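What you see is a predicted model, and the numbers here were worked out from it, not measured in a lab. Indexing begins at 1, ligand by ligand and atom by atom, following the structure's order.
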Amino acid sequence: MSRRHLTFRQLETFATVARLGSFSRAAESLHLTQPAVSIQIRQIVDVVGLPLFEQSGRDIRLTTAGQELLQTARELDDSWNRFESAVNALKGLRKGRLRVALVTTAKYFLPRMLGAFCQRYPEIDIELEVANRARIVERLRANEDDLYIMSFPPEELEVVATPFLDNPLVVVAPASLPLPPGPLSLADLAHHPFLMRETGSGTRKAVDRHLARSGLALNVKLSLGSNEAIRDLVASGMGLAILSRHVLGEKPEQDGLRIIDVAGFPLQQPWSIVHLKRKVLSLPAQAFIDELLEHAALS
Ligand code: PGA
């Protein structure tokens, strides 16, 4: 196998096809034509001497050789980032690239912190990926990003997790719903229809854990993967929900919502900045952690 002819660009194309599971989506994301992507992949296959993808129904899947190459490509990427950071440190610069993956609920506060970071380090390019917790854990396992923001750092992986901000989960109802006064128990509300986040979401995990501990079941009318949709459906009178306080505006009543005083709530599950223990953090990643900690201390 002669690796002399392999380039970083080809490996990036390969990793993009692997990540998106499609030549055409990779072409779109890389601003290339599909034949250009196919040619690059064929050039790698010629060097490796084994197929990298196999057809699985309408999708393509990595072969074992493909999985090995993906792992190697990520390690090379990590090494190069380390090298770049080392060189940048020598130059006294904070230049480079930062990839952050965050749970959907965190997108309400992160842009503010990101704004301050971008002003401080205008030469750092940032890529953000927003998905539910289950998907973020997959990305963490595959070492796809520099940093991850989530509530429940996975116990099955060796990670470093730094809690930095509260994520209170509150019970929210339509503003017009008549309710008895005073603190209620969740059992008082169990006959109301509830709109829940989908299985795989961190919010859902926190709620399910609370219900299991208190031996309660809620009347779940609908599960869906969007905080905004749940918030708006609650305001339209469809039911109650348990959502992160960050999802609601400053004044929920103005949006037709009301936070109910329920015993045991808000559920507290701080957000953490997470990365794999074996990952050597780039300078931009380290600077971003500092920024988040500093910002959180002030808020
Ligand atoms: P979610 O995650 O957006 O998937 O509900 C929230 C969290 O982990 O805090």
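- Proximity of Asn167 to ligand 1, defined as any heavy-atom pair under 4.0 Å, is confined to the side chain (atoms from C-beta onward).
- Within ligand 1, counting atoms from 1 as listed, the ones closer than 4.0 Å to a heavy atom of Arg133 are 4 (O).
- Under 4.0 angstrom from ligand 1, the non-hydrogen atoms of Arg197 all belong to its side chain.
- In terms of polar-atom proximity, defined here as any N/O pair under 3.5 Å, Asn132 makes no such contact with ligand 1.
- Relative to the ring axis of Phe152, Lys205 places its NZ or CZ within 45° and under 6.0 Å from the centre.
- In this structure, Gln55 places its CD atom where more than 12 heavy-atom neighbours from other residues, nucleotides or ligands lie under 6.0 Å away.
- For atom 5 (O) of ligand 1, the nearest non-hydrogen atom of the protein is Thr203 OG1, 2.7 Å.
- Of the inter-residue distances, the one linking Leu248 atom CG with Ile259 atom CD1 reads 5.0 Å to the nearest 0.5 angstrom.
- Nearest-heavy-atom check against atom 1 (P) of ligand 1 across Gly225, Gly202, Gly200 picks out Gly202.
- A 4.5 Å side-chain heavy-atom check between Cys118 and Ile126 finds at least one atom pair inside the cut-off.
- Checking only distances, Thr105 does come within under 3.5 Å of ligand 1, N or O to N or O.
- Which parts of ligand 1 touch Trp271 is read off a 4.0 Å heavy-atom cut-off, strictly below it: atoms 7 (C), 9 (O).
- No salt bridge links Arg99 with Glu144; every basic N to acidic carboxylate O contact stays at or beyond 4.0 Å.
- Arg139 and Glu129 are joined by a salt bridge, as a carboxylate oxygen and a charged side-chain nitrogen come within less than 4.0 angstrom of each other.
- A salt bridge is absent between Glu228 and Arg231; no separation between the charged side-chain nitrogens and carboxylate oxygens falls under 4.0 Å.
- Taking each of Pro270, Ser244, Ser151, Ser226 in turn, the one with a heavy atom nearest to atom 7 (C) of ligand 1 proves to be Ser151.
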